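This structure is a prediction, so every number in the text was calculated from the model and none was measured. Hydrogens, waters and symmetry mates are skipped; everything else that's a heavy atom, side chains included, is used.
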Amino acid sequence: MEQSVVSIDVVTLRCWDADSGVRIGIAAREFAPFTGELALPGVLLGRGERLVEAARRAVHTKLGVPTAAIGAVGQLVTFDEPHRDPRGPTLSIAMWAVVAEHEGPAEWVDFDEVPPLAFDHNRIVDTSRGLLAGMLWKDQALTRALTGEEFPATRAVDLSTSLHGTRPDPANLNRTLAAIPGLDRTGERRRVKATGRPAVVWAFSDSEA
């Protein structure tokens, strides 16, 4: 029986100091099909290649992200619609990756402003957003990659708003943060806006595993 090809498509996330929330990386495709159309970074899985290695390769080669700037990487879900790729049956394993600040050619957009993408990449983005929202504050690797080891409460609000699509209730968010193992509310306050009260600062007190 003819086997399906396996592709690795990566929802690449950034939440830099200059960003007001999570943004995802896209770039124009160099090769057919859909040459010149915007897409998530993706590569075909090499023989014997691990998923995380393939995801990092996709982010580096398709988005131009330096290898050193690619942080935590994880798996999300598989898309197996047989006609998703005009070249033939192709499974897509959707991965997530968080990248640090760098200079590069990729286009970065908010989840609510994703343009039409090649293949079924809009579906991948929509599905992945819901999964990532469920992982935020529960998956330590994803959460710490996005927040850093310490962060103002405003960053937590921005992250939740970006992934859930709605602004969180402050009291509920504070309870969620307080319940995360190894995360503590510090006595520090940090001014992140020209007006208003300085924001409470949260910090992870344990070393990352």
Side-chain angles (χ1 to χ4, degrees), residues 3-16 19-46 49-67 69-100 102 104-136 139 141-142 145-146 159-166:
Q3 294 180 326
S4 295
V5 174
V6 178
S7 68
I8 306 300
D9 297 304
V10 189
V11 180
T12 310
L13 311 170
R14 81 176 209 189
C15 191
W16 301 349
D19 297 328
S20 58
V22 180
R23 311 197 86 191
I24 64 173
I26 53 178
R29 285 181 53 80
E30 292 187 45
F31 307 107
F34 308 114
T35 305
E37 295 189 27
L38 293 169
L40 296 173
V43 295
L44 296 181
L45 184 66
E49 187 176 29
R50 304 296 294 270
L51 297 181
V52 169
E53 294 171 352
R56 294 176 66 86
R57 177 165 62 89
V59 174
H60 174 61
T61 60
K62 300 301 177 68
L63 293 185
V65 178
T67 301
I70 304 172
V73 178
Q75 185 175 346
L76 286 167
V77 66
T78 299
F79 294 83
D80 63 354
E81 206 285 323
H83 303 295
R84 57 175 303 277
D85 190 321
R87 293 169 292 187
T90 305
L91 295 177
S92 170
I93 300 177
M95 305 285 287
W96 62 265
V98 179
V99 300
H102 65 276
E107 182 175 342
W108 296 90
V109 296
D110 295 334
F111 274 99
D112 292 324
E113 298 175 354
V114 177
L117 302 176
F119 302 102
D120 57 350
H121 287 189
N122 286 94
R123 180 186 172 209
I124 292 177
V125 170
D126 291 343
T127 301
S128 297
R129 182 182 189 179
L131 295 172
L132 291 165
M135 293 167 60
L136 184 65
D139 184 287
L142 173 68
L146 288 172
L159 287 171
S160 291
T161 302
S162 293
L163 295 180
H164 287 276
T166 56

Please give me the minimum heavy-atom distance between [X] and [Y], naming the atom from each residue.
X      : Y      : result
Leu63  : Ala106 : O-CB, 3.5 Å
Pro86  : Phe119 : CD-CE2, 4.1 Å
Ala145 : Ala72  : CB-CB, 4.0 Å
Ser7   : Leu44  : CB-CD2, 4.0 Å

With distance as the sole test, does [X] use its side chain to make a donor-acceptor pair with the main-chain N or O of [Y] at under 3.5 Å?
X      : Y      : answer
Trp108 : Ile26  : no
His102 : Pro66  : no
Thr127 : Ile124 : no

Could you tell me if the side chain of [Y] sits less than 4.5 Å from the side chain of [X], heavy atoms only?
X      : Y      : result
Asp9   : Met95  : no
Trp96  : Ile24  : no
Ile93  : Val77  : no
Leu132 : Val11  : yes
Val22  : Phe111 : yes
Asp139 : Leu136 : no
Leu51  : Gln75  : yes

>> Suppose the criterion is side-chain hydrogen bond (donor to acceptor under 3.5 Å, both in side chains): which pairs have a residue in residues 76-90, not counting sequence neighbours?
In response: Arg84-Asp120, Asp85-Arg87
>> For a salt bridge (Lys or Arg N to Asp or Glu O under 4.0 Å) check, start with the C-alpha distance between Asp112 and Arg129, then their side-chain angles and the critical distance, and finish with the verdict.
In response: CA-CA 10 Å; Asp112 292 324; Arg129 182 182 189 179; 2.8 Å; yes
>> Going by the rule side-chain contact (heavy atoms from CB on, under 4.5 Å), which residues pair with Ala58 if we only count those two or more places apart in sequence or in a different chain?
In response: Val10, Pro41, Val43
> Does Arg56 have any side-chain contact (heavy atoms from CB on, under 4.5 Å) partners at least two apart in sequence or in another chain, and if so, which?
Replying inline: Val52, Thr67, Ile70, Val73
>> Show, in sequence, the C-alpha distance, side-chain angles and deciding distance for Val99 and Val59, and conclude whether the side-chain contact (heavy atoms from CB on, under 4.5 Å) test is met.
In response: CA-CA 9 Å; Val99 300; Val59 174; 4.1 Å; yes
> With Asp19, which residues qualify under salt bridge (Lys or Arg N to Asp or Glu O under 4.0 Å), at least two apart?
Replying inline: Arg14
>> Can you list everything that forms a salt bridge (Lys or Arg N to Asp or Glu O under 4.0 Å) with Glu49? Sequence neighbours excluded, please.
In response: Arg57
>> Evaluate His60 against Val65 for side-chain contact (heavy atoms from CB on, under 4.5 Å), listing each step before the verdict.
In response: CA-CA 5 Å; His60 174 61; Val65 178; 5.7 Å; no
> When rounded to the nearest 0.5 angstrom, what is the spacing between CD1 in Ile8 and CG in Leu45?
Replying inline: 5.0 Å
>> Can you list everything that forms a side chain to side chain donor-acceptor pair (under 3.5 Å) with Arg29? Sequence neighbours excluded, please.
In response: none
